[in-house]
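Quantities reported herein were computed from a predicted structural model and do not represent experimental measurements. Atoms considered below: every heavy atom in the structure, side chains included; atoms not considered: hydrogens, waters and symmetry mates. Below, chains carry the letters A, B, ... as their sequence lines are ordered, and counting in each starts from 1.
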Number of protein chains: 2
Amino acid sequence: MTDSSIQLDARERTLLRTLIESYISDGQPVGSRNLARASGLKVSAATVRNVMADLEERGLIQSPHTSAGRVPTTAGYRLFVDSLLEVRKPSREQIDAIESRFDPGASTQDLLDSASSVLSQVTRMAGMVRLPRHRNVALSQIEFLRLGEGRVLAILVIDGREVQNRVLELDRDFSQDDLQRMANYLNAHLAGKSLHTVRAELLREMREVRDDLDAQMLAAIDLGEQAVGAEDPDDVVVAGQTQLLGYEELSDRERLRQLLEAFNEKREILGILDQCIRGDRVQIFIGRESGLDWFENCSVVTAPYSVDGEVVGVLGVIGPTRMSYDRVVPIVDVTARLLGSALNVRGESPDSQ
Amino acid sequence: MTDSSIQLDARERTLLRTLIESYISDGQPVGSRNLARASGLKVSAATVRNVMADLEERGLIQSPHTSAGRVPTTAGYRLFVDSLLEVRKPSREQIDAIESRFDPGASTQDLLDSASSVLSQVTRMAGMVRLPRHRNVALSQIEFLRLGEGRVLAILVIDGREVQNRVLELDRDFSQDDLQRMANYLNAHLAGKSLHTVRAELLREMREVRDDLDAQMLAAIDLGEQAVGAEDPDDVVVAGQTQLLGYEELSDRERLRQLLEAFNEKREILGILDQCIRGDRVQIFIGRESGLDWFENCSVVTAPYSVDGEVVGVLGVIGPTRMSYDRVVPIVDVTARLLGSALNVRGESPDSQ
DNA sequence: TGTGGCACTCATCCGGAAGGAGCGCTGACA
DNA sequence: TGTCAGCGCTCCTTCCGGATGAGTGCCACA
């Protein structure tokens, strides 16, 4: 694969790049005459034809039928985005426009919604944001409420503003007074610490000090662990799926159905995003590379976002493979940065206690 | 409008019904020869042509162009569903299949999801369920949690299993102890009563006994009213929107986009369903009758569902106007009944206190 | 190695002809 | 007055053939 990129000389690279740029902007197979003109090279169409024949042999371009022009293959796009793409820096106005959509006072949920919808609106494709992992945010408060025999509602307040409920099913029953005491104990010991510290501490105590504690405290630790231990909800925020209806190349009804269904189910979207969470910059998936049939003619552009220096999530867009990568890549990149810093600012000024 | 239905004689009714049935099953304009044969009447095509000319004059059918067959107009469909439709009773197996999807032990949310997806799967169209109003379910418990200066989290447990959170922004600040006392007071007075009783009682106390109470109790009542008074979350569960991509007659890209967007936004879907909540049986909206442009070629079939004899919500499907009403109507009807009784069973056996 | 030229291949775009479905109208008949 | 067969007409759809044009592959030549 990458061999072929090494073997390309300057002229071949120029022509491949020009061809793909032209195809991206017009959607038409591009012929030798037009390519020769567009490339700016001082060569004739016939020479371009020879080069194109070489590129076709290497699997970078292909012709839809005997005598149409050429279109890029998946491998061609791959090479293009990896080593030929020159991204346009987003303008100051664009950045400001995106930034203005992130209200520093908003809740996490609202910020994620904004990110997703701004991605979708600016790129005119579908936007998506992976929920941030909450490991490193502070636990403000924990409370328990008896719902019934052996059923307890655990309420976690994190960052002084976000509330998570979890219903716990227990082997034994506790009175509301017991629960209140346990909550007091946990709050006294743990409030203000980050969730993963809390969890680590609870687990350690369960192992180490099992014998030294009375039954009540032991139960409290156990309960706390159950409440905090549950993973963050596995979810993703999406927006603007319907933008995808506007693209000619996604006209296959059945494929389109599967694509939109994927946005409803969210599971596969989640899978794609999770593949992208490693790596610290923009990543691009082209067509079937992600291993999904219905993904033909689609590409994904993603970027991770960080809070406090740690990557906590990924966001990105899905659109037709024939998209303006030079425009989309920097938008995704800058949105990830701005979402990160919006979340960051918020983390620094929790407005409680 | 309904005048024309009165003026139709038996033969005209038979022919209109046969025409619409034929068009629904084939999607092709139907001509006089075929209609004469399909109707089972002992009349010639020429006679049928005369009748068709009459029906066209009354606006019940029309021809797409000079010499194609006829297709029903909106008014024709209207008359058809109002007075010509003979629904097929759903088979025992169908009923059982739907019923088996409602797990009596499931949460309300799960039941609504099941209803929505079963509607979508059985009808191969988009299913939707309006969230039930909770006015008549019992309040099990109310708790308050101080989040920060003047910000209080109210936790309502209803029916002993469902939990609702509401964040209240208050003018003055309360300590957690104050809040605890207020919750105790409210629980002692109100637990076990239905939400609307609770609300009515709180409002009454606020008006009538304002002077007799100490400040603490007054604050408690005020807080309780704020917590309970907020309307049920305005929402709707949808499923299977993508089924709509399969219909030829919904091929206009822009319309289709608006339709799917409506499912994402949910606001307009909500509006449509709310129009249908009055009336105690199946209702049908045809095409633009609902006043929405993008609704051309679409119809809605809805039915209200009841818990404990009171209508609490409405469910239904959206699909192409050319749908098999005789099959869809009873499915929607029976699903509404079954959802109602599933919710009912649950309400009778709250497993707490 | 690059270039111009030439023959060839396809897809696309009419225009017209043929076929067919279906309608309205008319006049005959009970 | 209602029913019906027949006729002429309209209009959609399909098919066919030719023209057009974009683009390729190959070859000969500088």
In whole angstrom, what separates [X]'s [atom1] from [N]'s [atom2]?
X: A:Gln28; N: C:dA11; atom1: CD; atom2: P; value: 15 Å
X: B:Leu15; N: D:dT3; atom1: CG; atom2: C1'; value: 14 Å
X: A:Asp26; N: D:dG23; atom1: CG; atom2: C1'; value: 16 Å
X: B:Asn34; N: C:dC23; atom1: CG; atom2: C1'; value: 14 Å
X: B:Asp54; N: C:dC25; atom1: CG; atom2: P; value: 12 Å

Side chains of B:Ser117 and B:Ser120, donor plus acceptor under 3.5 Å: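 Absent: no donor and acceptor within the cut-off.
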
Strictly by modelled atom types, are A:Tyr77 and A:Ser299 linked by a side-chain donor-acceptor pair under 3.5 Å?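 The criterion, which ignores hydrogens and geometry beyond distance, is not satisfied for A:Ser299 and A:Tyr77.
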
Not counting sequence neighbours, list each pair that qualifies as a side-chain hydrogen bond (donor to acceptor under 3.5 Å, both in side chains) and has a residue in residues 257-268 of chain B.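 Every pair satisfying side-chain hydrogen bond (donor to acceptor under 3.5 Å, both in side chains) with a residue in residues 257-268 of chain B: A:Gln241-B:Asn264, A:Thr242-B:Glu261, B:Glu254-B:Arg257, B:Glu268-B:Trp294.
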
Using a 4.5 Å cut-off on heavy atoms from C-beta on, say whether the side chain of [Y] contacts that of [X].
X: A:Arg17; Y: A:Leu85; value: no
X: A:Thr74; Y: A:Arg288; value: no
X: A:Ile318; Y: A:Ile269; value: yes

Consecutive Watson-Crick or G-U pairs in runs of at least 3, all under 3.5 Å, in which DNA chain D is involved: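 Stems found: C:1-30 with D:1-30.
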
Which protein N or O atoms sit under 3.5 Å from an N or O of nucleotides 24-30 of chain D?
| residue | atom | partner | partner atom | Å |
| --- | --- | --- | --- | --- |
| D:dT24 | OP1 | A:Arg70 | NH1 | 3.1 |
| D:dT24 | OP2 | A:Ser32 | N | 3.2 |
| D:dT24 | OP2 | A:Ser32 | OG | 2.7 |
| D:dT24 | O5' | A:Arg70 | NH1 | 3.4 |
| D:dG25 | N7 | A:Arg49 | NE | 3.4 |
| D:dG25 | O6 | A:Arg49 | NH2 | 3.3 |

Does this structure show an ion pair linking A:Asp82 with A:Arg78, if we count only N-O contacts that are shorter than 4.0 Å?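 Result for this pair is yes, salt bridge flagged.
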
Is any NZ, NE, NH1 or NH2 atom of the basic residue among B:Asp9 and B:Arg13 found under 4.0 Å from an Asp or Glu carboxylate oxygen of the other?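 Between B:Arg13 and B:Asp9 there is no salt bridge, as every charged N stays at least 4.0 Å from the carboxylate O atoms.
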
Given that B:His65 and B:Ala45 both sit by DNA chain D, which one's nearest nucleotide is further toward the 5' end?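 Taking each residue's closest nucleotide, the earlier one in sequence belongs to B:Ala45.
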
Could you please name the option among C:dC10, D:dC12, D:dA5 that lies closest to any side-chain atom of B:Ser44?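 Closest nucleotide among those given: D:dA5.
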
Heavy atoms from C-beta onward define the side chain here; which of C:dA11, C:dT3, D:dC4 lies closest to that of A:Val43?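 Of C:dA11, C:dT3, D:dC4, C:dT3 is nearest to the side chain of A:Val43.
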
Is there a donor-acceptor pair closer than 3.5 Å between any side-chain N or O of B:Arg253 and the backbone N or O of A:Tyr247?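 A pair under 3.5 Å: yes.
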
